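Along the sequence shown, residues are numbered consecutively beginning with 1. Predicted, not measured: the structure shown is a model, and the values here were computed from it. Computation of the quantities below employed the complete heavy-atom set of this structure, encompassing side-chain atoms and omitting hydrogens, waters and symmetry-equivalent molecules.
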Amino acid sequence: MASITVRNLDDEIKRSLRIRAAENGRSMEEEVRDILRKALNRPNRQSNNWARNLNSRFAEVGGLARSTE
């Protein structure tokens with residue numbers, strides 16, 4: 001397994017991470033792994049296709065109308 005180091009982390013972010021880890025009963029390191037795992041394994045990650053991303057934002061209201069011209 002690989003290791004990473006995160007430098008210049010804001011004190012408030014570190015504090016929030018420490019609190020979140022404690023609330024979940026795990027170390028800060030395990031909390032970071034869980035956050036990264038969840039963020040990177042989301043099924044609906046945004047692609048680089050700006051039109052698809054834009055349309056998905058309006059999907060709940062019927063999407064964007066396509067021109068018939």
Side-chain angles (χ1 to χ4, degrees):
M1 295 227 164
S3 296
I4 63 170
T5 300
V6 179
R7 291 182 175 86
N8 300 319
L9 193 61
D10 292 337
D11 290 336
E12 186 58 33
I13 297 293
K14 184 178 178 184
R15 180 182 163 284
S16 296
L17 181 60
R18 185 174 46 245
I19 291 169
R20 181 173 166 162
E23 290 173 346
N24 290 318
R26 51 186 165 219
S27 69
M28 286 177 48
E29 189 173 312
E30 181 57 32
E31 189 67 25
V32 169
R33 281 192 294 265
D34 186 62
I35 291 167
L36 290 172
R37 192 178 305 113
K38 287 176 181 174
L40 297 174
N41 287 327
R42 285 186 292 168
N44 292 327
R45 284 185 19 207
Q46 288 188 347
S47 70
N48 291 329
N49 184 320
W50 66 269
R52 187 179 309 135
N53 292 342
L54 185 60
N55 196 46
S56 69
R57 290 191 178 257
F58 290 94
E60 291 181 13
V61 293
L64 299 175
R66 293 185 180 181
S67 174
T68 56
E69 296 178 29

_What I want to find out is whether R37 reaches D34 closely enough, with some N-O distance under 4.0 Å, to be called a salt bridge._
yes
d(L40 CG, I35 CD1) to nearest 0.5 Å is 11.5 Å
- Does the side chain of V6 reach to within under 4.5 Å of the side chain of V32, using non-hydrogen atoms? no
CD of E12 to NZ of K14, rounded to nearest 0.5 Å, is 12.5 Å
Exercise for review: Count the heavy atoms belonging to other residues, nucleotides or ligands that lie under 6.0 Å from CD of E29, then report whether that count exceeds 12.
Suggested key: no
Salt bridge present between R20 and E23 (N-O < 4.0 angstrom) = no
Of L17, I19, I13, the one forming a side-chain contact (heavy atoms from CB on, under 4.5 Å) with R15 is I19
Separation between CE (M28) and CZ (R18), nearest 0.5 Å, reads 6.5 Å
dist R33:CZ -> M1:CE (nearest 0.5 Å) comes out at 8.0 Å
